[in-house]
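Let me begin by presenting the structure, written as structure tokens, before commenting on it.
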Amino acid sequence: MNNPIGIFDSGVGGLTVLDYMREQFPHENMIYIGDNAHCPYGDKTKEQLLSYTRKICEYFIAQKVKMIVLACNTTSANVLDELQKLYPQTPIVGVIHSTIHEFLARHHQNVLVIATTATIQSHKYRDLILEYDSQVQVHELATPKLVPIIESGAYKQGVQSLLSEYLSPYRQKIDALILGCTHYPILLEQIQEVIPDIDYISSSASICQEVASYLKNHQLQNQSLDAGSIHIYTTGNVDSFVQSSIGFFEYQHLKAKHLDLKKGSL
Ligand code: DGL
């Protein structure tokens, strides 16, 4: 029960998931990995994504995690099934199913999904939404320039013109927007300026409900009343990881460290 939960993404985006998880599960121990050595994931092939994520899962399993959360839509869309088959002893969850449940619960009829190229090309969001409700109009848009801008920290100077290029064709045409990449909630306020007065569904928030049910149903909740420990690692450069996350991630005192997954050592 007091084993940690492993959470990963390609970089700082999954910290938006860690933020919600920390708030909802204050007593859980957690290990976060941002795989910045391979960021962005959105332009990678399925084979590359599988190779990167296998290393991360094997590292987590060696740390005896009780579950693994793919805080990343790109890997949830492309390699979740494969990882679940490779590591059947470890529960592994992705962010897409819970985001779709959240979307369906809000009863919208016209939605735009923005995500990385690899997520959009999988058509996971479109296919799953239509499987549940064939009446919904699902628009899909790859927005590949956003993750590099967020990872570089340049998003802090404002990216409204790029967002406007991507999103203004959908003004007046949609009633909901799915932020189908865990990096995108970092831009939420800027997105709201460009395309206001619709409902925004964040894949980063939705996953917590699924994790909560899993822990409860399997009686895996940490019973300790102490604050859980959080260890944050990046496979890339620690300084730029920290710089990009300042402003949206409040746990800076946790001090990210470098992790070399090739050697499997810290
Ligand atoms: N944040 C990830 C996602 O949700 C990965 C983005 C990327 O590295 O391209 O898709």
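Residues: numbered from 1 along the sequence shown. Just so you know, ligand 1 is whichever comes first in the structure, and atom 1 is the first atom listed for that ligand.
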Distance-minimising heavy-atom pair for Cys181 and Val147 = SG-CG2, 3.8 Å

query = Looking only at heavy atoms, what is the nearest atom pair of Pro88 and Lys85, with distance?
reply = CD-O, 3.4 Å

task = Scan residues 14-41 for pairs that pass side chain to side chain donor-acceptor pair (under 3.5 Å), counting only residues two or more places apart or in two chains.
result = Thr16-Ser204, Glu28-Lys66, Asn29-Ser229, Asp35-His38, Asp35-Tyr41, Asp35-Thr235, Asn36-Glu151, Asn36-Thr234

request  = Using the side chain to side chain donor-acceptor pair (under 3.5 Å) rule, take Ser164 and Ser161 through it: C-alpha gap first, then chi angles, then the decisive distance, then the call.
outcome  = CA-CA 5 Å; Ser164 175; Ser161 63; over 6 Å; no

request  = Please examine the side chains of Leu70 and Ile7, heavy atoms only from C-beta on, and report whether any two atoms are closer than 4.5 Å.
outcome  = no

Ligand 1: protein residues within heavy-atom distance under 4.0 Å = Asp9, Ser10, Pro40, Tyr41, Gly42, Cys72, Asn73, Thr74, Thr116, Val147, Cys181, Thr182, His183

task = Identify whether the distance between the nearest side-chain nitrogen and carboxylate oxygen of Glu82 and Arg54 falls below 4.0 Å.
result = no

